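In what follows, a structure is listed as structure tokens, so that the remarks can point back to it.
None of the values given here were measured: they were computed from a predicted structure. Note on naming: letters A, B, ... go to the chains in the order of the sequence lines (proteins, then strands), and numbering restarts at 1 for each one.
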2 protein chains.
Amino acid sequence: MDFDGVRTFIAVADTGQFQEAASRLSLTQQAVSKRIAALEASLGARLFVRTPRGVQLTIDGQVFLPHARSLVEAAERAADSVRPGRRRLRVDVVKPNLGSARILRDFHSAHPEIEIDVVTHLFDAKTALAAVRAGTLDATFRAITRPAQQLTDGVVATRVLDDAVELLTSHTHRLAAATSLTPAELAKHKVWMPFIAPGTEWAAYYDELAARFGLTIDTLGPDFGIDALLEVIAGSSSLATLVGEHIRLVWPAEYNLRRIPIRNPMLVYPHSLVWRSDNAHPALTKLRAYLDARKDRYRHPKAWSPPWTDR
Amino acid sequence: MDFDGVRTFIAVADTGQFQEAASRLSLTQQAVSKRIAALEASLGARLFVRTPRGVQLTIDGQVFLPHARSLVEAAERAADSVRPGRRRLRVDVVKPNLGSARILRDFHSAHPEIEIDVVTHLFDAKTALAAVRAGTLDATFRAITRPAQQLTDGVVATRVLDDAVELLTSHTHRLAAATSLTPAELAKHKVWMPFIAPGTEWAAYYDELAARFGLTIDTLGPDFGIDALLEVIAGSSSLATLVGEHIRLVWPAEYNLRRIPIRNPMLVYPHSLVWRSDNAHPALTKLRAYLDARKDRYRHPKAWSPPWTDR
DNA sequence: GAACGGCACAACCCGCGGTTGTGTCTCAGG
DNA sequence: CCTGAGACACAACCGCGGGTTGTGCCGTTC
């Protein structure tokens, strides 16, 4: 099964005859006949009944037709997704379960007509910012370290989300019963965050956090993914980790995990939207307007965040 | 852009190197290299950065990857739709705006996991029944004329929908003010139904109806489609047509059309579900159970319908 | 610095997919 | 009833796209 065959099938179905489809495709009737025969052979089903006055779709053909159309549409979309100019908006959200991804989903349900390509798993903010600068990425939700240095040549940012840090523990952990914690209380316990890759802006954030409040954060150990982490946390009464309030986490009911907010001060991880000021993509304008209209909804203005972030 | 290229792209993206992808695809590394180069050329974008230790997706590549996956999935679905055995349920509903299509949609929203291929535009019940008998169609919603003759060799039917006939007129028509009509009142006016193709079960139904109640139904004139018909009806004070209560019709507000129910007796068009008794498709079982659970919801047991339909 | 592992380029070659030519079937018209 | 037109299939041919083998280059590793 190949694209040419599918496209030929659609042309024949639309015109009702091989001849007409052939001239529309700038082919001979025999070529169209062969393509359809090949497609039918590869599918193992007859798609047309040949009549002296043209062809007619069989039931298999009628069933296949809408699939064929959606197939070429999907091909169109795929090609458009990388075509320079007039392409879908490309936004980086670090990970699909983060608060930034949730905001993007909210935006998408508010404007379902705007098509978005979500990018994840870029290594760090530096990579993402370089991509924004190069124009391969329209926007990224990232924490911005040292803004003066990184936001050069027309790359701008606004703070859009303060994700409050919470402690995630098993129900057997010594802090499990607390309804909230202060950073000072937290300093007495070890925090384990193997998913923080060294050299990223996440590592920088937690370094600052640990230094400022005297926490011990252990980022050692291989990162086997969030599910493995949750399982280990659930089975331990001494291990705990930090997560953002907006991070979507699901675990089996028997894990019985606790998410404990931190107060006095509240600690927030700062997400900014970063884009090139000369990027005229209409969907980007819509996204910025959407975020601007909600700019206070996801902010915790009195909470602590590192001094290097834009405000 | 061709399927092989897209599949190769996915294999390379998954393995992270041409070599490995090549052996997985039973190709040489050079062939993979050429395929990717050709794909990149046809898309006008670089998908991988070549490194000494393999390849890495560019941002374009990351964006393209999910599209590529959905593309091969769509291809899978398309091929499955006509593969004999283990295919989606194929149901014929005459036209997408009919009550039978609505019931099928209701069924689909009740069981979103069941995938259905909807077939329309089969010429008549005879064709549809032949397709059911041949096994190319799993079920059809049709009116059954002369059940004893047509429902031979294991093809069975149950009545699932009585679609009450209504008169559709402009607001300037002489009957426009009526809140309901009797067939006898209708007999004095001409009814125009150019969309009834001669030789179909629809024509048979309206022939019976006209003969029984003395109506004059005109099926002459070319059928330019439902929109054209509505426009003509809207502009005439003498033309009217008959439609089922469950037929979904939309028209511009200024048309100001009226749908007038018919009573004493109510006239219904009988839809039956027809299937082969030896068809073991699990989705068909579900559909039958669904319809059986609602078998009184769409019925008008006291209404008139032709004597040849199953009850 | 040599061996290794990875990708690209070059040359070759087979066969897929196109074209031309022809046969067959059906329907319309005289 | 015959004939011509129109439509699709089959056969033969052929060029080129896409595969293979062979080789080079480059960066990493020991």
Side-chain angles (χ1 to χ4, degrees), chain A residues 1-62 64-65 68 71-72 75 79 123, chain B residues 1-58 60-62 64-65 68 71-72 75 79 123 199:
Chain A
M1 172 148 105
D2 69 322
F3 270 116
D4 281 340
V6 174
R7 268 189 271 266
T8 307
F9 167 75
I10 293 173
V12 173
D14 286 345
T15 60
Q17 52 182 48
F18 286 12
Q19 301 270 29
E20 181 60 24
S23 74
R24 181 186 293 192
L25 297 169
S26 309
L27 290 175
T28 60
Q29 166 262 316
Q30 290 86 338
V32 171
S33 178
K34 273 180 150 189
R35 281 191 179 181
I36 296 300
L39 182 62
E40 289 178 329
S42 85
L43 292 173
R46 185 138 271 235
L47 299 174
F48 294 104
V49 289
R50 279 71 165 170
T51 75
R53 317 179 55 78
V55 294
Q56 210 175 355
L57 283 169
T58 62
I59 298 208
D60 279 322
Q62 289 186 42
F64 187 68
L65 182 55
L71 201 51
V72 303
F123 178 66
Chain B
M1 173 149 108
D2 69 321
F3 269 116
D4 281 339
V6 173
R7 270 189 269 265
T8 307
F9 167 76
I10 292 173
V12 173
D14 286 346
T15 60
Q17 52 182 49
F18 286 13
Q19 301 269 32
E20 183 59 25
S23 74
R24 179 185 297 193
L25 298 169
S26 310
L27 290 174
T28 61
Q29 166 264 316
Q30 291 86 335
V32 172
S33 177
K34 275 177 142 188
R35 280 190 180 181
I36 297 299
L39 183 62
E40 289 179 329
S42 84
L43 293 173
R46 185 137 273 235
L47 298 174
F48 294 105
V49 289
R50 278 71 166 172
T51 75
R53 315 179 56 78
V55 294
Q56 210 175 354
L57 283 169
T58 62
D60 279 322
Q62 290 187 40
F64 188 68
L65 182 55
L71 201 50
V72 303
F123 179 66

How far does [atom1] of [X] sit from [atom2] of [Y], to the nearest 0.5 angstrom?
{"X": "Q17(A)", "Y": "Q56(A)", "atom1": "CD", "atom2": "CD", "result": "12.5 Å"}
{"X": "F3(A)", "Y": "L71(A)", "atom1": "CZ", "atom2": "CG", "result": "5.0 Å"}
{"X": "I10(B)", "Y": "R24(B)", "atom1": "CD1", "atom2": "CZ", "result": "11.0 Å"}
{"X": "R53(A)", "Y": "T51(A)", "atom1": "CZ", "atom2": "OG1", "result": "8.0 Å"}

OP1, OP2 of [N] versus side-chain N and O of [X]: anything below 4.0 Å?
{"X": "R35(B)", "N": "dG18(D)", "result": "no"}
{"X": "T28(B)", "N": "dG19(D)", "result": "no"}
{"X": "S33(A)", "N": "dA9(D)", "result": "yes"}

Query raised in the report: From dG19(D), dC9(C), dG18(C), pick the nucleotide closest to the side chain of L27(A)?
Result: dG18(C)
Query raised in the report: Closest to the Q29(B) side chain: dC27(C), dC7(C), dA9(D)?
Result: dC7(C)
Between [N] ([atom2]) and [X] ([atom1]): distance, integer Å:
{"X": "Q30(A)", "N": "dC14(D)", "atom1": "CD", "atom2": "P", "value": "17 Å"}
{"X": "Q56(B)", "N": "dG6(C)", "atom1": "CD", "atom2": "P", "value": "15 Å"}
{"X": "D4(B)", "N": "dC16(C)", "atom1": "CG", "atom2": "P", "value": "13 Å"}
{"X": "K34(B)", "N": "dC16(D)", "atom1": "NZ", "atom2": "C1'", "value": "11 Å"}
{"X": "L39(B)", "N": "dA8(C)", "atom1": "CG", "atom2": "P", "value": "13 Å"}

Report task. Quick one: closest heavy-atom pair of F48(A) and E40(A), and the distance? Result -> N-OE2, 3.3 Å
Requested in this report: Could you go through the side chain to side chain contact (heavy atoms under 4.5 Å, CB included) check for F64(A) and L39(A) one step at a time?
Outcome: CA-CA 11 Å; F64(A) 187 68; L39(A) 182 62; 4.2 Å; yes
Query raised in the report: Is the side chain of T8(B) donor-acceptor paired with the backbone N or O of R35(B) at a distance under 3.5 Å, no angle test?
Result: no
Query raised in the report: So which of residues 8-25 of chain B are in contact with DNA chain C, with a heavy-atom cut-off of under 4.0 Å?
Result: Q17(B), F18(B), Q19(B)
Report task. Please work out if V55(A) contacts a base, only the sugar-phosphate, or nothing of the nucleic acid, heavy-atom cut-off 4.0 Å. Result -> sugar-phosphate
Query - Of D2(A) and R53(A), the one whose closest DNA chain C nucleotide lies more 5' - result: D2(A)
